[in-house]
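One structure below.
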There are 2 protein chains.
Amino acid sequence: MPTVSSEELAAAAGVNSAKLRKDFSYLGSYGTRGVGYDVEYLVYQISRELGLTQDWPVVIVGIGNLGAALANYGGFASRGFRVAALIDADPAMAGKPVAGIPVQHSDELEKIIEDNGVSIGVIATPAGAAQPVCDRLVAAGVTSILNFAPTVLSVPDGVDVRKVDLSIELQILAFHEQRKAGEEAAAESAAVLRAPKESEKGPDGDVPAVMPA
Amino acid sequence: MPTVSSEELAAAAGVNSAKLRKDFSYLGSYGTRGVGYDVEYLVYQISRELGLTQDWPVVIVGIGNLGAALANYGGFASRGFRVAALIDADPAMAGKPVAGIPVQHSDELEKIIEDNGVSIGVIATPAGAAQPVCDRLVAAGVTSILNFAPTVLSVPDGVDVRKVDLSIELQILAFHEQRKAGEEAAAESAAVLRAPKESEKGPDGDVPAVMPA
DNA sequence: TATTGTGAAGACTTTCACAGCT
DNA sequence: AGCTGTGAAAGTCTTCACAATA
């Protein structure tokens, strides 16, 4: 398939074709009127814009089940991420290979970051260890952190943090499930909240900004 | 702290206080003018609205590193989720306890779903197994699926699927990282894309709807 | 003819700002 | 005096609809 139309791409992605064309237009005019988009060229342009053509060394700190799952995750390599090191505080883990990469002790953290020019760190430690690990990563030069620990991290200005809370997605499902189950109950207690329209079901749609911890 | 003002809550959540008050107003009038919101009452009302006061039995299918990490994840229980069963296709896993719960063989899948009245399933299998597992879950009565496998699942109408792609969050970080690194390069090739304002940095902000796989 | 690229319209969200209560 | 609840304004995002053009 050498070319693709905005209509086809939009159907595949589940979005409106005009939105897709408008989004693409912000990157440049990469289509051909009457024909569509050259697939290879488009993939290259979008990849470049998103930074997928670069090689991003990352470190994963905290090699429990989740850290191991991340180390083994195939999706990273194909998107330009290279696991530069696995780091754990447990001396018993040191030297043990996980996903073919030997785990290093956290004493080495600063040296690893500097030697590899790492700017992105992944924290998969228990909650209590997350902030100290974060501080050390930042001090060593990391400027983007992906946090899987159930803690809110504080970082200086200029450092990006994204938090992944594995239970939030479940909570969103449960929220919709509750709706499915009791339309009468919903009418009784919360008639104001509309049922979500398809267009609103974004990755994070329909969920209030604030919820109890 | 018996009461809290919208201003305080908004500061803690990093949102505008008017937005927070407006959001709350869709649930009802749970505040007191001149005083604020009664914390306990507010937590209860929001919890109820989000379905946190219910007990949601879930099954996790695919007990590799990720499945084990999910089974061990503390955040579930506190939000009303109960891991009703762990299911794996490997007969060698059967009976082995993970997070204190014995793994069951996938032959039992349908029976487990029915016996426990499970409506939410978590798929943490390899990509190839995800769609068949999904089909069996749906046939057995599951109507919400959280998918960690790198596959797009097809499901009948009325079934909700949410996909968690562990590499997307990293990609978002890399995208911003790229911006930080080369402001001149960005100006040269994509002046149209603005730097994100703080208010735009939502959980999924700043990322085009479509990207190459 | 088929499809892009995009102004303009429409829909939705966020914020302002203040009347209304406690 | 202090803070909520909310109309109205401002801002942002999405979709329409069509001129431009390969």
Side-chain angles (χ1 to χ4, degrees), chain A residues 1-46 49 189-211, chain B residues 1-46 49 189-211:
Chain A
M1 196 178 200
T3 67
V4 65
S5 70
S6 62
E7 205 65 63
E8 293 168 289
L9 274 180
V15 300
N16 176 294
S17 68
K19 177 180 199 299
L20 189 139
R21 290 200 300 280
K22 183 144 276 190
D23 279 3
F24 283 5
S25 77
Y26 291 120
L27 306 179
S29 288
Y30 298 143
T32 309
R33 290 167 196 232
V35 178
Y37 298 89
D38 181 88
V39 172
E40 197 181 346
Y41 184 56
L42 183 63
V43 165
Y44 168 73
Q45 290 295 347
I46 295 178
E49 191 66 48
S189 73
V192 199
L193 284 174
R194 306 142 304 138
K197 291 192 301 191
E198 191 52 42
S199 64
E200 296 174 335
K201 288 191 188 172
D204 275 67
D206 305 317
V207 176
V210 175
M211 60 182 71
Chain B
M1 193 178 201
T3 67
V4 65
S5 70
S6 62
E7 205 64 64
E8 293 168 291
L9 274 179
V15 301
N16 176 295
S17 69
K19 176 179 200 301
L20 189 138
R21 289 200 301 279
K22 182 144 275 188
D23 280 3
F24 283 5
S25 77
Y26 292 120
L27 306 179
S29 288
Y30 298 143
T32 307
R33 292 169 193 228
V35 177
Y37 299 90
D38 181 88
V39 172
E40 198 181 343
Y41 184 56
L42 183 64
V43 165
Y44 168 73
Q45 289 296 347
I46 295 178
E49 192 66 50
S189 71
V192 199
L193 284 173
R194 307 142 302 140
K197 290 192 298 189
E198 191 52 41
S199 65
E200 296 174 336
K201 288 190 186 172
D204 275 66
D206 307 314
V207 177
V210 176
M211 58 181 71

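Here is the naming used below: chain letters follow the sequence lines, and residue numbers restart at 1 for every chain.
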Next on the checklist: Please confirm whether the shortest side-chain N or O distance from A/Lys19 to OP1 or OP2 of D/dT15 is below 4.0 Å.
Outcome noted: no
Checklist entry - How many Å lie between CG on A/Asp38 and C1' on C/dT4, as a whole number? => result 14 Å
Item to check | Heavy-atom closest pair, residues A/Met1 and A/Val39 | outcome: O-CG2, 3.5 Å
Checklist entry - Along nucleotides 2-8 of chain D, 5' to 3', which nucleotides get a B, which get an S, and which get a -, given that the test is a protein heavy-atom distance under 4.0 Å? => result BBBBBBB
Item to check | Value in whole Å for how far the C1' atom of C/dT6 lies from CG of A/Leu27 | outcome: 15 Å
Checklist outcome for this item: The reported gap from CG in B/Asp23 to CD1 in B/Ile46 (rounded to nearest 0.5 angstrom) is 9.5 Å
Next on the checklist: Strictly by side chain to side chain donor-acceptor pair (under 3.5 Å), give each pair with a member in residues 32-41 of chain B just once, sequence neighbours left out.
Outcome noted: B/Tyr41-B/Gln45
Checklist entry - In chain order, what residues pass the side-chain contact (heavy atoms from CB on, under 4.5 Å) check against B/Ser17, with sequence neighbours excluded? => result B/Ser6, B/Glu7, B/Ala10, B/Arg21
Next on the checklist: Within the structure provided, determine whether A/Phe24 and A/Leu42 are in side-chain contact (heavy-atom separation under 4.5 Å).
Outcome noted: yes
